[in-house]
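Model, not experiment: these values are computed from the prediction. Labels below follow one simple rule: chain letters A, B, ... track the order of the sequence lines, proteins then strands, and each chain is numbered from 1.
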Protein chains: 2
Amino acid sequence: MLTRIDHIGIACRDLDKTVEFYRATYGFEVFHSEVNEEQGVREAMLKINDTGDGGASYLQLLEPIREDSPVGKWLAKNGEGVHHIAFGTADVDTDSEEIRAKGVRVLYEQPRTGSMGSRITFLHPKDCGGVLTELVTAAGPDAH
Amino acid sequence: MLTRIDHIGIACRDLDKTVEFYRATYGFEVFHSEVNEEQGVREAMLKINDTGDGGASYLQLLEPIREDSPVGKWLAKNGEGVHHIAFGTADVDTDSEEIRAKGVRVLYEQPRTGSMGSRITFLHPKDCGGVLTELVTAAGPDAH
């Protein structure tokens with residue numbers, strides 16, 4: 001069951017500059033940053049609020065490290081902006097299988113590794129009203 | 001101070017069909033629906049989670065009621081998808097003036113009426129890394 005907006009993924013060309021924009025404009029600070037080689041991105045997670053399910057909601061700022069990464073190709077086509085939205089669940093495996101059974105295309109056979117050791121999968125935007133939609137299970141109670 | 005992701009605004013061509021997608025796929029239910037004549041939209045708010053500041057995070061599904069409304073023009077150009085993101089604050093007036101003073105274009109001189117009697121304003125996406133960004137103050141403690 002999806003119990004929170006886990007994050008909003010925002011594609012940018014210059015991560016440092018975008019982090020500084022969010023800090024200077026709104027006071028949002030970097031909670032975590034990492035390079036995800038599999039996804040082909042450098043990223044910064046800005047924690048915005050805690051959520052009623054014991055998790056949190058973040059902005060996820062994404063800069064491609066390769067032009068041929070999914071985010072790199074998306075940026076070339078669309079320019080900077082909201083790349084995806086993500087819902088948090090305690091059990092991404094069960095939820096993604098149930099959603100697949102309803103006829104929505106799930107992009108990975110098995111969940112892969114996302115931010116902060118989470119397990120993630122994506123749903124095809126053409127099956128979700130144009131919205132690239134991610135499902136996330138956090139790594140553990142301390143990893144929100 | 002911005003203390004939560006208040007909502008993600010999603011533009012769609014058929015509100016009833018989109019509401020049904022979110023219900024059938026994820027189990028999200030309509031918390032509130034209304035027509036906002038000023039914004040030129042029919043909308044449904046799906047409450048996803050409570051937030052640590054005493055508010056909540058929603059998906060806001062938006063169908064234009066006029067082709068020449070901002071959402072109608074956006075849909076004609078971009079197709080269905082994420083239209084904007086919104087941060088919640090206890091004081092949209094002060095926050096929007098502070099942000100304006102930093103050189104970010106605020107689209108309204110004074111906040112206008114948003115969902116559920118809230119007061120809202122928007123920041124120019126070209127000043128926000130391609131992200132149309134809304135600031136929201138809920139109508140009252142019971143209106144989250």
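Both the backbone and the side chain of B:I5 come within less than 4.5 Å of a heavy atom in chain A. Only the side chain of B:L123 comes within contact range of chain A, with at least one heavy atom under 4.5 Å from a heavy atom of that chain.
Residues B:V136 and B:A86 come closest through the heavy atom pair CG2-CB, 3.9 Å. For the pair A:G117 and A:A139, the tightest heavy-atom approach, listed with the atom from each and the gap, is O-CB, 3.4 Å. In plain terms, the two heavy atoms of A:C12 and A:P64 that are nearest each other are O-CD, 3.5 Å.
Chain A forms more heavy-atom pairs under 4.5 Å with one residue of B:V104, B:L135, B:L59 than with any other, namely B:L59.
Hydrophobic clustering places B:V82 together with B:F87 (ILVMFWY residues linked when any side-chain heavy atoms are closer than 4.5 Å, directly or through intermediates).
One distance of note links CD1 of A:I8 with CG of A:L61; it measures 10.5 Å at 0.5 Å rounding. If you take CG on B:L2 and CD1 on B:I99, they are separated by 5.5 Å, rounding to the nearest 0.5 Å.
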Would you list the atom pairs in which one atom of chain A and one of chain B form a donor-acceptor pair under 3.5 Å?
from: A:I5; atom 1: N; to: B:N49; atom 2: OD1; distance (Å): 2.9
from: A:A24; atom 1: O; to: B:K102; atom 2: NZ; distance (Å): 2.8
from: A:T25; atom 1: O; to: B:K102; atom 2: NZ; distance (Å): 3.2
from: A:N49; atom 1: OD1; to: B:I5; atom 2: N; distance (Å): 2.9
from: A:D50; atom 1: O; to: B:G52; atom 2: N; distance (Å): 2.9
from: A:G52; atom 1: N; to: B:D50; atom 2: O; distance (Å): 2.9
from: A:K102; atom 1: NZ; to: B:A24; atom 2: O; distance (Å): 2.8
from: A:K102; atom 1: NZ; to: B:T25; atom 2: O; distance (Å): 3.2

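Here the side chains of A:L46 and A:V30 are in contact, with some heavy-atom distance below 4.5 Å.
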